[in-house]
Trainee: 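Before we start, here is the structure in question, set down as structure tokens.
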Number of protein chains: 2
Amino acid sequence: MAPTIIDVAKLAKTSKSTVSRYLNGKPVKKETEEALKKAIKELNYHPNMNARRLVLNRTQVIGIVVDDISNSFYSGILKGITEVSNKNGFDCVFYSWMSNHKGERDFINLLYEEQVDGLIFLNFSKREKEVVEEMKNTAFAVVLIGDDAGIQDVSSIDVDNFSGVGDVVRYLHRIGHRQLAYITGPESAGATQERTNGFEKTIRELGLAFNPELMVSSDWSNQGGYQAMKQLLEVGGFTAVVASNDQTALGAIGAAHEQGYSIPKDFSIVGFDDIEISKWIYPSLTTVRQPFVDIGIKAAEVLFEKIKGTKKQANSRILLKPNLVIRNSCLNL
Amino acid sequence: MAPTIIDVAKLAKTSKSTVSRYLNGKPVKKETEEALKKAIKELNYHPNMNARRLVLNRTQVIGIVVDDISNSFYSGILKGITEVSNKNGFDCVFYSWMSNHKGERDFINLLYEEQVDGLIFLNFSKREKEVVEEMKNTAFAVVLIGDDAGIQDVSSIDVDNFSGVGDVVRYLHRIGHRQLAYITGPESAGATQERTNGFEKTIRELGLAFNPELMVSSDWSNQGGYQAMKQLLEVGGFTAVVASNDQTALGAIGAAHEQGYSIPKDFSIVGFDDIEISKWIYPSLTTVRQPFVDIGIKAAEVLFEKIKGTKKQANSRILLKPNLVIRNSCLNL
DNA sequence: TTGTATGCGTTATCAC
DNA sequence: GTGATAACGCATACAA
């Protein structure tokens, strides 16, 4: 059996309350401290967290629930979250519903079951209204990153997808492009609608023609971009392609190369996300950088306000601005 | 306050023992079952996991400790682990020591503290002997993925790096290459030494000349590969480059392009890992695919043998074979 | 500063 | 089938 504070107390010839107090940084006499140190070391004592959490009614842990733990897009966000969390003296544990059929809803139980003190839900898919509603109604500390299903009064953080695509369209316009094609993301993604809106509205604002034939859909994969570009090349009549993410842009470049076109000479192509490889492909990709770390930081900050705050927080949606990164995949006309 | 089984018992006019039994699937009378169902729903009762774990002395959870939770290389491994874990009726929780200065050693405490029933350590860096020694000596269920610091009697899983590089060198030889350059990985990586050995030994086995000048080091980044290739191009005298990972290979291709060379016409280049993008760059990259999912599955299987097994398991090192993937970055001479 | 006594929410061992 | 009762390991109010 694992040693308990009772064992430590016996060995150090004191009582378990004293052991407990010592372990929690309360003052003990110099000599008992020595005895306790020795006993703890000798027994290789470690506190039982379950017992501690049971009596304290808190865990000093926050949970981060993601759909796919090793989605590299989450890297910066998770870094931001852990940073803030550690600063607050909390541990982070990560839960993934990856392969199994569980959804985010099931993880709300982590709060009821007192396994964590707060939860950040991270996921780039569209969320169901009922699930978000449930998160909103719980009394626990919960923050969403990504889609909020249009529900008010829920704390959520996201990137400003609308203005991000707007920036890139205005950039292409500024360097002389007038006929733009657009490759959308999948219906299932939370950002798709906003990015598409950003494209359409900005096109119209700039007084450019909007040709529905030059708007094709993809699933945000390399393969999807490849196929979308082939489709666009059959239609023709554009000088630049706005891909709604970098992977799609890379696939599109591949398709163009395959058909003997040169980028950016024949077509300008831009992406969205600024994934690491975008800087290293040939030509390097002009794109929109998401403020991933800041998203994580902001989400964690809001969460800790809720965990620690006595006053009831206003639950609102916070949008962070992305940045245009200009590289070599666009030609100045 | 959150409702407890006592509250449920009161509302259902029975005792807490009956509630507990019902919750654990033991038989109760039809009518008490109805009353309990109703009470649980009405109170929105959820069990307190800390209390349960305290008395049961187990968690039904395994932990996966990674250095960087969103390293995309881990994706397949984590998928494999969760798959096996769910099949065994266990939950997975992930811990990351990413940005903070903690090392793997600190997470051994999760076992002592009874937060998890077993632990898989995943990390591509070299491990310190003392840390592995500590893992070996603990009585808990522990499995390592990656480096084992040369320690015997520890359960560890890894890819067969030596034979992977060997395969690729033999392939280049088969299609006519006789002068090969090599870009190593960083000292800090667990696989670097084995991959380098694989290159050197195979070169010699094939009777090819080994020129130390054609062996340059990198940090496995795109940037590192870029610089390594520039260095190699100054030396010259090779027809093919073996990069010890894909990212390096991509950087090398970038450097070659920049100096006006064409791949694979002027140089053949191969990588290692088969990351997703390798299929989509231009030219697509010939590389060595790591059996990531299988690594995860194997690691979890070994872990559960330890968790459930009564008999003492033999702790050994298991190496899984990678596969050569031939694409378009190599020229048949 | 220290020890005693109590409770946290659950499971398990008994008798009934 | 059911209900009282004793653990599980820890923190803390209170008395000393």
Side-chain angles (χ1 to χ4, degrees), chain A residues 1-40 43-61 89 109-117 140, chain B residues 1-37 39-40 43-61 89 91 109-117 140:
Chain A
M1 275 318 286
T4 72
I5 46 172
I6 299 189
D7 301 312
V8 176
K10 272 184 195 150
L11 192 60
K13 300 198 190 310
T14 176
S15 74
K16 62 173 184 168
S17 357
T18 304
V19 181
S20 173
R21 274 189 296 257
Y22 167 67
L23 290 172
N24 289 293
K26 267 138 201 163
V28 291
K29 233 196 305 194
K30 198 76 187 166
E31 49 199 77
T32 52
E33 171 168 356
E34 297 307 323
L36 285 172
K37 258 190 192 147
K38 191 156 159 284
I40 287 172
L43 293 170
N44 192 21
Y45 167 82
H46 293 263
N48 182 317
M49 281 304 177
N50 300 312
R52 167 174 288 173
R53 288 172 183 170
L54 175 59
V55 46
L56 287 183
N57 219 29
R58 72 188 142 77
T59 62
Q60 210 72 1
V61 168
N109 281 347
L110 292 172
L111 292 159
Y112 284 109
E113 294 166 359
E114 317 220 8
Q115 300 201 50
V116 295
D117 293 342
F140 298 109
Chain B
M1 276 315 287
T4 71
I5 47 172
I6 298 189
D7 301 313
V8 175
K10 272 184 194 150
L11 191 59
K13 299 200 190 310
T14 176
S15 75
K16 63 172 183 170
S17 332
T18 303
V19 181
S20 174
R21 275 190 295 258
Y22 167 67
L23 290 172
N24 288 293
K26 266 138 202 163
V28 293
K29 233 196 307 195
K30 199 76 189 167
E31 48 199 81
T32 51
E33 172 168 353
E34 297 306 324
L36 284 173
K37 258 191 192 144
I40 287 170
L43 293 170
N44 192 21
Y45 166 82
H46 293 263
N48 182 318
M49 281 303 175
N50 300 312
R52 167 174 288 173
R53 289 172 183 171
L54 174 60
V55 48
L56 287 182
N57 220 29
R58 71 188 143 77
T59 62
Q60 210 73 0
V61 169
D91 279 338
N109 280 347
L110 292 172
L111 292 159
Y112 284 109
E113 294 166 359
E114 316 219 9
Q115 301 201 49
V116 296
D117 292 343
F140 298 111

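Everything numeric in this text was worked out from a predicted model, so none of it was measured.
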Trainee: Is there side-chain contact between Leu23(B) and Tyr45(B), with heavy atoms separated by less than 4.5 Å?
Mentor: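 Yes, their side chains come closer than 4.5 Å.
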
Trainee: Tell me whether the side-chain N or O atoms of Thr18(A) pair up with the base of dT1(C) as donor and acceptor below 3.5 Å, since no angle test is needed here.
Mentor: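 There is none.
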
Trainee: When the nearest nucleotide of DNA chain D is assigned to Ile6(A) and to Ser15(B) on a heavy-atom basis, which residue is associated with the more 5' position?
Mentor: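 Mapping each residue to its closest nucleotide by heavy atoms, the 5'-most match is Ser15(B).
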
Trainee: What is the separation between atom CD on Gln115(A) and atom P on dC8(C), rounded to the nearest whole Å?
Mentor: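 So the two atoms are 21 Å apart, to the nearest Å.
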
Trainee: How about Asn109(A) and Met49(B): do any of their side-chain heavy atoms sit closer than 4.5 Å?
Mentor: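 They are not in side-chain contact.
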
Trainee: Would you state whether a donor and an acceptor, one from the side chain of Lys16(B) and one from the base of dT10(C), lie under 3.5 Å apart?
Mentor: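 Checked by distance alone, the answer is yes.
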
Trainee: With a non-hydrogen cut-off below 4.0 angstrom, is Met1(A) in contact with a base, only sugar-phosphate, or nothing?
Mentor: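 Sugar-phosphate, backbone atoms only, no base.
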
Trainee: Is the closest basic N to carboxylate O distance between Glu34(A) and Lys38(A) below 4.0 Å?
Mentor: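 Result for this pair is no, no salt bridge flagged.
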
Trainee: Within a strict 4.5 Å, meaning less than it, do heavy atoms of the Val8(A) and Tyr22(A) side chains meet?
Mentor: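 Not touching, per the 4.5 Å side-chain cut-off.
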
Trainee: Can you check the Lys26(B) NZ to dT10(C) P distance for me, whole Å?
Mentor: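 Result: 15 Å.
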
Trainee: So what does Tyr22(B) touch, heavy atoms closer than 4.0 Å: a base, only the sugar-phosphate, or nothing?
Mentor: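 No contact.
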
Trainee: Of all nucleotides in DNA chain D with an atom under 4.0 Å from a non-hydrogen atom of chain A, which is the first and which the last going 5' to 3'?
Mentor: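 Using the under 4.0 Å cut-off, the span is dG9(D) to dA13(D).
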
Trainee: Roughly how far, to the nearest 0.5 Å, is CG of Leu110(A) from CZ of Phe140(A)?
Mentor: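 Going from CZ on Phe140(A) over to CG on Leu110(A), the span is 10.5 Å.
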
Trainee: Can you check the Leu23(B) CG to dT11(C) C1' distance for me, whole Å?
Mentor: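 Whole-Å distance recorded here is 11 Å.
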
Trainee: Does a side-chain N or O from Ser17(B) land closer than 4.0 Å to OP1 or OP2 of dA12(C), or not?
Mentor: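 It does not, given that no N or O in the side chain of Ser17(B) lies less than 4.0 Å from OP1 or OP2 of dA12(C).
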
Trainee: I need the CG-C1' distance between Asn50(B) and dT11(C), as an integer number of Å.
Mentor: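 Going from CG in Asn50(B) over to C1' in dT11(C) covers 15 Å.
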
Trainee: From CD1 of Ile5(A) over to P of dC8(C), roughly how many Å is that when rounded to an integer?
Mentor: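 Ile5(A) atom CD1 is separated from dC8(C) atom P by 17 Å.
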
Trainee: For a 4.5 angstrom cut-off between non-hydrogen side-chain atoms, does Tyr112(B) reach Asn44(A)?
Mentor: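 Touching, per the 4.5 Å side-chain cut-off.
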
Trainee: Does any part of the side chain of Met1(A), heavy atoms only, come nearer than 4.5 Å to the side chain of Asn57(B), both counted from C-beta?
Mentor: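 Answer yes - side chains close enough.
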
Trainee: So what does Leu54(A) hit on the nucleic acid, given a heavy-atom distance under 4.0 Å: a base, only sugar-phosphate, or nothing?
Mentor: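 Base, at least one base heavy atom under 4.0 Å.
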
Trainee: Would you check if Glu33(B) and Leu36(B) make a side-chain contact, meaning some heavy-atom pair closer than 4.5 Å?
Mentor: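 No, every pair of side-chain atoms sits at 4.5 Å or beyond.
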
Trainee: What is the separation between atom CG on Asn57(B) and atom C1' on dT10(C), rounded to the nearest whole Å?
Mentor: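 For the pair Asn57(B) CG and dT10(C) C1', the rounded distance is 13 Å.
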
Trainee: Kindly say whether Gln60(B) contributes a backbone atom to a donor-acceptor pair with the side chain of Asp117(B) at under 3.5 angstrom?
Mentor: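 Yes; judged by distance alone, with no hydrogens or angles, the pair exists.
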
Trainee: Considering only heavy atoms, which members of residues 28-38 of chain A lie under 4.0 Å from some atom of DNA chain C?
Mentor: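 DNA chain C contact set from residues 28-38 of chain A: Val28(A), Lys29(A), Thr32(A).
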
Trainee: Please work out if Asn24(A) contacts a base, only the sugar-phosphate, or nothing of the nucleic acid, heavy-atom cut-off 4.0 Å.
Mentor: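 If one applies the 4.0 Å heavy-atom cut-off, Asn24(A) turns out to touch the sugar-phosphate alone, with no base involved.
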
Trainee: Between dT10(C) atom P and Glu113(A) atom CD, what is the distance in whole Å?
Mentor: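 Those two atoms, CD and P, are 11 Å apart.
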
Trainee: Looking only at side-chain N and O atoms, does Ser20(B) come under 4.0 Å of OP1 or OP2 in dT11(C)?
Mentor: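 Yes, because at least one side-chain N or O of Ser20(B) sits under 4.0 Å from OP1 or OP2 of dT11(C).
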
Trainee: Under a 3.5 Å distance rule, please check whether Asn48(B) uses its side chain to pair with a backbone N or O of Glu114(A) as donor and acceptor.
Mentor: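 Answer holds: no.
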
Trainee: When the nearest nucleotide of DNA chain C is assigned to Ala51(B) and to Arg21(B) on a heavy-atom basis, which residue is associated with the more 5' position?
Mentor: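 Nearer the 5' end of the strand: Ala51(B).
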
Trainee: So, OP1 or OP2 of dG9(C): does either fall under 4.0 Å of a side-chain N or O from Tyr112(A)?
Mentor: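 So the side-chain polar atoms of Tyr112(A) never come under 4.0 Å of the phosphate oxygens OP1 or OP2 of dG9(C).
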
